[in-house]
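Note on naming: letters A, B, ... go to the chains in the order of the sequence lines (proteins, then strands), and numbering restarts at 1 for each one.
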Amino acid sequence: MSETPEITPSTDRAPDDQAPEHAADVLKARRAKLQALQAAGEDAFKVKFERTHLIGDIPALVPNLEPGGETKLHVRVGGRLMAFRRQGKLVFADLVDASGRIQLLAQANRLGERFNRLDDLDIGDWVGVWGSVIRTKRGELSVAVEGFDILTKGLRPLPEKWHGLKDVEGRYRQRYLDLIANPEARAVMQTRSAAIAFIRSWLMDRGFIEVETPMLQPVHGGALAKPFSTYHEALNMHLYLRVAPELYLKRLVVGGVERVFEINRNFRNEGVSVRHNPEFTMLEAYQAFADYHDMAELLEGLVSEASLATTGGMKVPYQGDTLDLTPPFRRARLVDLVREDGVDVEGDLVAECDRLGVKVDPGWPWGKLLLELYEKKVERNLMQPTFVMDYPKEVSPLARTHRSDPRFTEHLDLVVAGMEVGVAYSELTDPIDQRRRFEAQSEDRDHEAHQVDEDFLKALEYGMPPTGGLGFGIDRFLMVLADQPSIREVILFPAMRPEEGVPQQAEGKAETASKDKPAIIEELKAADDLKAADDLKAAIQSAIPELAAAVVAAMPEIGTAGRRAADSAARRAAGAPSAKADHRTAPHSPEQIPQLLVVGTGKVASALACLGERSGFHVRVAAGPDAYSVGEFEGADEVIVTPEPHDVEALRPDASTYVAICSEVNEFAEEVLQTLMPSEVPYLGVMLKKGKAAAAFKRLGKLGFDEQKISRVHMPIGLALRSQSPEEIAISILAEIVAIRRGAEGYGAG
RNA sequence: GGGCCUCUAGCUCAUCAGGUAGAGCAUCGGACUUUUAAUCCGACGGGCAGGGUUCGAGUCCCUGGGGGCCCA
């Protein structure tokens, strides 16, 4: 007892009062310097500094300068201050611009008064310096400073000078720091730029012209990949971000553009990995009067010449191996490669897959099984550049059937370092065959399958000349050229989850979230990509002003169906007064009024009751063991105290009753759920966190309820809107109920 | 989606068995006219979030979040 008073006050205050200040110490020091500068009338963010020389150009101008020597070469250079070595009345510093690094030498006796102003400088500042070029006694080429200007004051410290920035997350999120601190990052960027510039001019030298085709496409095609979808408000239509430019480039070939290419971004709505980024850069090229053999030669030339141009050779190191990119590359048929791997390709491929541990669907056609075997067992082992020739017809819907073996297409992949970096086809020019292939694909109802692009088929019907086409993954090729193990190293800003706006725990954050709402609304007003939500915002605002911000904030996360549902919830909310009047004037026809049974009395339950009532539901609240504030309930038509799970059942929820279990007592919530399982209610939502919900589902399964009953159970409750505050969660719940009630696409029971 | 790993000061890393968290660089104060990962003296600064176990948690457990790798 006597010890605690001594300890608690001091330890309690230390973290609360001091921690934030300490954490920002370095930043505060910089800000203080900035303010001191500005108070002295110095502009810390200057508009312009005239340079006479780039740093990197200086050494060549003074080739024979001896250590200790001076020149009359006066230079004005500008750059970022990267190191600072004080030596009393002598200061050495390193100045870096895009062309190189040079040492600055500042001497007190030369600079006089201005020498003390060096104190204003920090590592990381951009400074302009003038002086003469000298070489120090130790032989370092330097600028003997005669004067300097702070051009831009840096307010944050740079990463450590020796180790740089190593944390990969930091390097990707703050690539500018990576570029400042790590020369390799700059080198990769430069290699990338050089390679793309080379490829462009190399193709142009061969008579190809560069075009840009739509990234927003009404029908996605040209590759087997899941697209990103978006919506064009003015035209009121769905669009897809392209997965490939292929079908447009081919239209150009139909139009008589005999050699055409595009280097640009493709978007695929798939996972990220060391070889995949959702947006990536692709070269596609088409050449009339060519076949896939010609395109293979083109690829060979491209790869070897680009390697020579950017790395100085055709043998490049890659992750401990040496890749020989000298043409010609090995050519091998896909089926032969699989056979060489010990697979009986003429036998039962399902059995072979089974034997080799390759998981497949026994219903797959031969070609798909073959491809699966190739991808799982062969591809990653192909280190040296290899053209994998002749893909099975079933998996290659855009390539022409092989001229001598109809099981295959004239489709090849260029594999380097176990990665598919390029692809080439003898293009399919027969519109009737093309239609058949599209339709066969569509029937698979595979997400990745091609849609039938009628407009493209029409173009083909006008006639496309014999054509070879190629696709070339720029990012993966850069991995090879720059010897990088991950695609994220060659993409400046790879896809990452945003650091800020991380969803917080719903209940704990409730109060601060509602306090922040005005701020959120302001932020939303500043954002211009929310125009699409204006109508909806207005509808909601007219009904429940407080909640508008929550819905609008969630809008980017809401899919089409959810958006429709929220819209309908909002409109109902807007029209709620009349609905309420209706059911009050006709109290004897309650079966026409949807019932909302809210279990629990927490903040979410309270918000939901209010929202449900205004949306035209007859709201009953079952106050469970957590009922400490039952009197305050607004919106509920009835509040019934139900301390035990079976008391809820006694309320006889029926086929028109939507049940939202929002009790904060998890055990009670789950027991109520189990009690209500046999009932006919169309919706049973339970507010449980992900992990607990999964466990609860398992227990439901063990209790032997049938699938149909289980499928109407929604845990965690509500649409995935990343709701935070209780009000937001209530909206997500009501939106889900509306979606189910109105039969919104994809939200039926099951 | 599954598995493994990871998150400690602004940066790079320690903390081997749960017992008042250390260093280097950076920052701040001081010394120093040829340094260049300058050096020397001194100072400031920290456990991803939330729970749990414990007399006591950076360390063990759970949940959540970010990231990496492998598999699907």
Within the structure shown, what part of the strands sits under 4.0 Å from R488(A) by heavy-atom distance: base, sugar-phosphate, or nothing?
sugar-phosphate
Look through every strand shown and name the nucleotide pairing with C25(B) as Watson-Crick or G-U wobble, where both distances are under 3.5 Å.
G10(B)
Please set out all donor-acceptor pairs under 3.5 angstrom arising from side-chain atoms of residues 100-107 of chain A, sequence neighbours excluded.
residue, atom, partner, partner atom, Å
R101(A), NH1, D94(A), OD2, 3.2
Q103(A), OE1, R85(A), NH2, 2.7
Q103(A), NE2, S142(A), OG, 3.1

Check side-chain hydrogen bond (donor to acceptor under 3.5 Å, both in side chains) between D167(A) and all other residues, then give those that pass, not counting sequence neighbours.
none
Nucleotide paired to C69(B) in any strand shown, Watson-Crick or G-U, under 3.5 Å:
G3(B)
Residues which pass side-chain hydrogen bond (donor to acceptor under 3.5 Å, both in side chains) with T152(A), listed by chain and number, not counting sequence neighbours:
none
What's R275(A) touching, base or sugar-phosphate or nothing? Going by heavy atoms closer than 4.0 Å.
nothing
Could you check which nucleotide pairs with G58(B) in any of the strands shown, counting Watson-Crick or G-U wobble with both distances under 3.5 Å?
none
Contacts of type side-chain hydrogen bond (donor to acceptor under 3.5 Å, both in side chains), residue Y172(A), not counting sequence neighbours
E489(A)
Which pairs of donor and acceptor atoms, one on a side chain in residues 479-486 of chain A, lie under 3.5 Å apart (sequence neighbours left out)?
residue, atom, partner, partner atom, Å
D483(A), OD1, Q319(A), N, 2.7
D483(A), OD1, Q319(A), NE2, 2.9
Q484(A), NE2, A482(A), O, 3.2
S486(A), OG, R488(A), N, 3.1

RNA chain B: L165(A) or W162(A), which has the more 5' nearest nucleotide?
L165(A)
Rounding to a whole Å, what distance do you find between R31(A):CZ and G10(B):C1'?
14 Å
Residue pair P67(A) / R135(A), side-chain heavy-atom distance below 4.5 Å
yes
Interatomic distance, M82(A) CE vs C11(B) P [rounded to whole Å]
16 Å
With heavy atoms under 4.0 Å as the rule, sort V91(A) into base, sugar-phosphate or nothing.
nothing
Can you tabulate the close N/O pairs, meaning under 3.5 Å, that link protein atoms to atoms of nucleotides 27-34 of chain B?
residue, atom, partner, partner atom, Å
C28(B), OP1, K33(A), NZ, 3.1
C32(B), N3, G88(A), N, 3.1
U33(B), OP2, K89(A), N, 3.2
U33(B), O4, N109(A), ND2, 3.0
U34(B), O2, K137(A), N, 3.4

